[in-house]
Amino acid sequence: MGFEFDVILLTGLLDFYAKVGDLGSARKVFVEMPERDVIATNAMISAFSRYGCVEEAKQLFENMSQRNSASWNSLITCYCKSSEVHNARLIFDRNPMKDVVSWNAMIDGYCKSEQMVKADELFVEMEFMKNVVTWNTMIAGYVQCGEFVRAINLFQRMLSEEVKPTEVTMVSLLSACAHLGALDMGEWIHGYIRTKKIMIDFILGNALIDMYFKCGNVEAAIQVFHGLHDRNIFCWNSVIIGLGMHGYGKEAVDAFIAMEREGIKPDGVTFVGLLCSCSHSGLVSVGRSYFSEMKIVYGIEPGIEHYGCMIDLLGRSGCLQEALELIKSMPMKPNAVVWGGLLRACHKHKDAKLGEQVTDNLLSLDPHDGGNYVFLSNLYASLNRWTEVDQCRKLMIKRGVRKTPGCSSIEVENIVYEFVAGDTSRTQINVFLDKIVKEVQAHGYEPDTTTVLHDVEDEEKESVVRYHSERIAVAFGLMTMQPGRIIRVVKNLRTCDDCHTFMKFISNVYKREIIMRDRNRFHHFRNGYCSCNDYW
DNA sequence: TTAGGGTTAG
């Protein structure tokens with residue numbers, strides 16, 4: 001009795017040390033235990049696994065005279081966590097007492113290393129052994145790999161096989177909806193959570209808030225936030241980031257103040273959200289002062305991402321020199337994002353001299369990002385420097401750099417439709433789009449010729465800009481959606497000036513609200529105006 | 001003692 005009690009107690013202590021980050025003490029407890037049973041040894045293996053000490057875990061495992069299934073599973077997890085999926089598989093295959101946990105651990109290992117084909121092979125092989133964790137692992141895996149539609153499809157299969165989803169399932173699905181901008185689907189999941197009375201904890205609450213913001217429904221996001229019993233730093237951060245990306249800079253700052261009042265300490269992510277919010281709303285002095293307070297008042301050392309926000313904030317508002325000085329004063333080496341922010345600012349404020357200087361740095365750091373070349377090319381184009389535009393294009397061809405194709409999606413009746421720039425195969429939509437162009441031209445819209453070079457590497461420049469993906473998506477929305485319904489479009493890149501103007505005209509001429517999420521932020525078009533005040 | 005979920009800069 002005494003021995004058992006000791007072992008259980010000491011194992012608990014070992015586990016406690018491991019979980020609070022003190023591997024040394026955990027190991028000491030283990031070594032000094034008078035006797036060690038399987039459970040204690042498994043706990044030690046898990047502790048090693050937590051800290052990536054694969055060799056120690058393996059040694060301990062190999063020396064065990066007796067093992068239970070948890071021993072095998074702990075080692076599988078250990079290899080997976082250290083990205084040694086191949087070794088995990090060797091243990092998995094050797095394991096004589098495979099249970100559902102072994103399979104799930106192995107599937108998760110494949111998911112985390114983005115080997116979804118292998119994960120799916122095991123998933124299929126499991127047949128009736130699958131439990132809800134298996135399904136959750138696969139769904140989360142697809143989300144982590146960016147295969148959002150697959151994740152949703154798998155969920156539908158899960159329902160058809162009558163497996164009862166859990167709050168974990170919901171979190172992954174909401175994350176998929178947030179990425180896709182699939183509001184209808186997100187709302188359906190919220191409804192499902194309510195009818196099935198699924199507990200809304202921190203994580204699920206945060207997933208809902210994030211989904212509503214990223215799908216363009218600010219009010220619903222705020223409502224969920226206020227409905228939560230408890231809010232942790234993730235929830236506050238999502239609110240600050242969400243408000244900022246919709247252009248509610250002042251409200252984001254207010255949220256930050258409210259958060260402090262509630263006694264929650266901001267972290268690095270909070271400041272990314274806060275500075276970014278200031279940047280989108282042109283709150284230059286507020287942003288400057290929060291940046292300077294970060295370390296002194298809040299004890300948070302600014303990271304490269306915070307410098308990135310500041311350079312964007314300063315550059316966008318026209319303080320190009322100050323932005324450059326800040327880059328020079330950074331304690332770390334500036335990366336492509338930092339230089340990219342300044343390049344965009346040079347483009348906006350038509351400073352070709354600084355733009356060239358910045359580009360040298362940028363292209364040496366990130367020679368394969370097509371977007372950078374496009375931006376430089378646009379900068380030259382806006383200054384009528386066509387020789388340089390041409391050189392830029394040739395350089396891209398020489399280096400084999402391709403611009404990411406523009407892609408927009410729109411959700412109609414629960415189905416997400418995707419459109420790619422320059423797609424002229426959908427004749428009906430394009431005919432309709434041409435009609436829209438004529439209509440808004442009659443109301444004063446003039447196509448901006450400088451953005452014709454937005455897609456420098458494409459031969460069919462004309463048709464590409466005429467059929468930028470967001471235009472096709474909006475045309476499709478106007479064709480298929482009931483009058484008065486908000487058109488919501490998600491684009492993978494930043495929208496160009498010309499499309500931005502075009503959307504403003506449509507919102508006025510067709511009396512339609514358009515909410516567009518681009519790579520950077522949200523644009524709410526209504527009555528000929530955009531919520532970003534043309535500042536983006 | 002073993003498996004699944006959340007926020008972040010161009």
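Letters A, B, ... mirror the listed sequences (proteins, then strands); counts begin at 1. Nothing here was measured: the structure is a model prediction, and the numbers come from that model.
Pairs passing the ring pair (Phe, Tyr, Trp, His ring centres under 6.0 Å) check and including a residue from residues 311-351 of chain A, sequence neighbours excluded, read A/His347-A/Phe375.
To the nearest 0.5 angstrom, A/Met33 atom CE is 8.0 Å from A/Thr41 atom OG1. Rounded to the nearest 0.5 Å, atoms CG (A/Leu23) and CZ (A/Phe48) are 6.0 Å apart.
Ring to ring, A/Tyr142 and A/Phe123 are not that close: their centroids are 6.0 angstrom or more apart. Centroid-to-centroid, the aromatic rings of A/Phe92 and A/Trp103 come within less than 6.0 Å.
Less than 4.0 Å separates DNA chain B from at least one heavy atom of each of the following residues of residues 220-234 of chain A: A/Asn232, A/Phe234. Of the residues in residues 60-67 of chain A, none has a non-hydrogen atom less than 4.0 angstrom from any atom of DNA chain B. At a non-hydrogen distance threshold of 4.0 Å, A/Ala140, A/Gln144 from residues 138-154 of chain A come into contact with DNA chain B.
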Side-chain donor-acceptor pairs under 3.5 Å in residues 356-363 of chain A, sequence neighbours left out?
from: A/Glu356; atom 1: OE2; to: A/Tyr380; atom 2: OH; distance (Å): 3.1
from: A/Glu356; atom 1: OE2; to: A/Arg385; atom 2: NH2; distance (Å): 2.9
from: A/Thr359; atom 1: OG1; to: A/Gly355; atom 2: O; distance (Å): 2.6
from: A/Asn361; atom 1: ND2; to: A/Gln357; atom 2: O; distance (Å): 3.2

Does the side-chain contact (heavy atoms from CB on, under 4.5 Å) test come out yes or no for A/Ile209 and A/Cys235, once each step is laid out? CA-CA 7 Å; A/Ile209 294 168; A/Cys235 305; 4.2 Å; yes

Using side-chain contact (heavy atoms from CB on, under 4.5 Å), reason through A/Tyr192 and A/Ile198 one step at a time and then give a plain yes or no. CA-CA 8 Å; A/Tyr192 187 90; A/Ile198 292 173; 4.2 Å; yes

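Applying the 3.5 Å distance criterion, the base of B/dA3 shares no donor-acceptor pair with the side chain of A/Asp99. Judged by distance alone with a 3.5 Å cut-off, a donor-acceptor contact links the side chain of A/Asn335 to the base of B/dA9. Between the side chain of A/Asn237 and the base of B/dG6, no donor-acceptor pair of N or O atoms lies under 3.5 Å.
With sequence neighbours left out, the ring-ring contact (aromatic ring centres under 6.0 Å, His included) criterion links A/Phe155 to no other residue.
Taking the side chain of A/Ile203 as heavy atoms from C-beta on, and the options B/dG5, B/dT1, B/dT7, the nearest nucleotide is B/dG5. Closest contact between the side chain of A/Asn42 and the listed nucleotides B/dT7, B/dT1, B/dA3 involves B/dT1. Taking only side-chain atoms of A/Asn520, from C-beta outward, the nucleotide of B/dG10, B/dT8, B/dT2 with the closest atom is B/dG10. Set against B/dT2, B/dT8, B/dA9, the side chain of A/Val337 has B/dA9 as its closest nucleotide.
Side-chain atoms of A/Asn73 and A/Asp99 include a donor-acceptor pair closer than 3.5 Å. Using a 3.5 Å distance cut-off with no hydrogens or angles, the side chains of A/Asn206 and A/Ser238 do pair a donor with an acceptor.
One can place NZ of A/Lys19 at 6 Å from P of B/dT2, the figure rounded to the nearest angstrom. Rounded to an integer number of Å, the gap from A/Phe92 CZ to B/dA3 P is 15 Å.
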